[in-house]
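Reviewing the structure listed below.
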Protein chains: 2
Amino acid sequence: MSQNPILKSLIAEQLVSDPGSARGRLLTEAARLFRDKGYERTTVRDLAAAVGIQSGSLFHHFRTKEEILKAVMVETIRLNTALMQAAADQAESPRGKLKALVRAELESINGQTGEAMAVLVYEWRSLSEGSRAEVLELRDIYEGLWLSVLEELSGKGQLKAEPFIVRRMLTGALSWTVTWYKPERGGLTLDGLTEQVMAMMGL
Amino acid sequence: MSQNPILKSLIAEQLVSDPGSARGRLLTEAARLFRDKGYERTTVRDLAAAVGIQSGSLFHHFRTKEEILKAVMVETIRLNTALMQAAADQAESPRGKLKALVRAELESINGQTGEAMAVLVYEWRSLSEGSRAEVLELRDIYEGLWLSVLEELSGKGQLKAEPFIVRRMLTGALSWTVTWYKPERGGLTLDGLTEQVMAMMGL
DNA sequence: GACAATACCAAGCAAGCGCTTGGTTTGTAA
DNA sequence: TTACAAACCAAGCGCTTGCTTGGTATTGTC
């Protein structure tokens, strides 16, 4: 269970819960349950059982069930914004930056944070109006990262469609991979998938 | 409220309910409610109220609430398979067929059947195991339509990535449009969006 | 070792859920 | 007009839900 340095610094800043802490463990399990069964079909009793406590004890850590959903989303975006930023920073060319972003997002979606990323996509409606605004603000930062790279590419004439459209297509296409992509020995790797995505865009 | 001939023949074959009938009206309202609030948060009382009857009376038309969800999905796939088939048949070249499919699917997703299409994507988990198998069978036919066109294109060297990957990327990208695409005067039209999608793939 | 503060449990409440029941209205056809 | 089925209503049952309450361990601090 090695933790990467980006996660570590976010934990230190208290922006993300330590997966080893009680709160962190609950959020991890919640993401898994929300993804598998859906938010509404996941009961507070399910959540409590997943971390080995009584259902009432949950409300010592979170005021409501919805607050758990919001925490899953907020922490996921925070972590992934940092991961994307780091990935993009390591590349030189605009094309390299885009490829790094695609690769990093595929990893987020299909790797360890996959459950939480799926929750972000599929459980949006389950959030109350107020929480949505809060999460949206964070999401705007995340999207800004993508757009700046895409606009740079577009400025150099390397994009075949408008940046904001390309981003939205990519959002759908990449998040959908969670429903079908399964890494197998000798099969399609995440790198291979990244290549296919880039190739599809003629890049 | 003009009905297109494809819909009419499906109604005649009893494969799809007439939107004017009691059953059809319920399915239309159900799709809207399931999409807006989610299946689990939509109560049988909501559904009944939407068509102006008592909640108990629903069970005269459907045995369970889930049967309503299944019916929405089954009829939606049936209708859209027929629509896609017709769209593809009207085009000559493989590229023309693909464009017709993209355009037709965008119309399904963002037009009248949009609610039901969204339900198909977002409420998959809400289906029981048994119902899923049934819906999957229909979905395979639908997907086969796409794949045959994409493989034809690939055979001619016009596709930059593998057909099944392209289809899966398109599935995600196109269905995601429902979350952001809003037709406006002077803005992006469905034809314009179709062009952007084709351009993105270098076609 | 005293003492808060934190984390938890056992029990259960009020509300809302899908669905059933027994009976009434409405439409249709002879 | 009669007969009968299909469509509906009014009432409510049994169960599950999110959350609360009052009390008990556990933990960290000086």
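To find a chain, count down the sequence lines: A is the first, B the second, and so on, and within it residues start at 1. Given the structure is predicted, the values throughout are model-derived calculations rather than measurements.
- Between A:Glu105 and A:Arg167, at least one side-chain N (NZ, or NE/NH1/NH2) sits under 4.0 Å from a carboxylate O, which counts as a salt bridge.
- One atom, CZ of B:Phe62, and another, P of D:dC8, lie 12 Å apart when rounded to the nearest Å.
- Side-chain N/O atoms of B:Arg45 and base N/O atoms of C:dG16 include no donor-acceptor pair closer than 3.5 Å.
- When all heavy atoms of A:Ala161 and B:Met200 are compared, the pair lying nearest together is CB-CG, 4.3 Å.
- Within the 4.0 angstrom heavy-atom criterion, base atoms lie near A:Ser55.
- A salt bridge does not link A:Glu13 with A:Arg78: every distance from a Lys NZ or Arg NE/NH1/NH2 to an Asp or Glu carboxylate oxygen is 4.0 Å or more.
- The side chain of A:His60 places an N or O atom within less than 4.0 Å of a non-bridging phosphate oxygen (OP1 or OP2) of C:dA7.
- The nearest whole Å value for the distance from the CZ atom in A:Arg63 to the P atom in D:dC19 is 11 Å.
- Rounded to whole Å, atom P of C:dA7 lies 12 Å from atom CZ of A:Arg25.
- For the 3.5 Å distance criterion, the side chains of A:Thr43 and A:Asp46 qualify, holding a donor opposite an acceptor.
- Distances were taken from every side-chain heavy atom of A:Ile53 (C-beta onward) to each of D:dC8, C:dG18, C:dC8; the shortest belongs to C:dC8.
- Of the candidate nucleotides C:dC19, C:dC9, C:dT6, C:dC19 has the atom nearest to the side chain of B:Phe59.
- Between B:Asp46 atom CG and C:dG16 atom P there is a gap of 12 Å when expressed in whole angstrom units.
- Proximity of B:His61 to the phosphate of D:dC8: a side-chain N or O atom is located under 4.0 Å from OP1 or OP2.
- In the set C:dC9, C:dC19, D:dC19, the nucleotide with an atom closest to the side chain of B:Val44 is C:dC19.
- The separation between A:Gln54 atom CD and D:dG23 atom P is 19 Å, rounded to whole Å.
- Between B:Leu58 atom CG and C:dT21 atom P there is a gap of 17 Å when expressed in whole angstrom units.
- For the OP1/OP2 pair of C:dC9 and a distance below 4.0 Å, the side-chain nitrogens and oxygens of A:Ser57 include at least one atom meeting the criterion.
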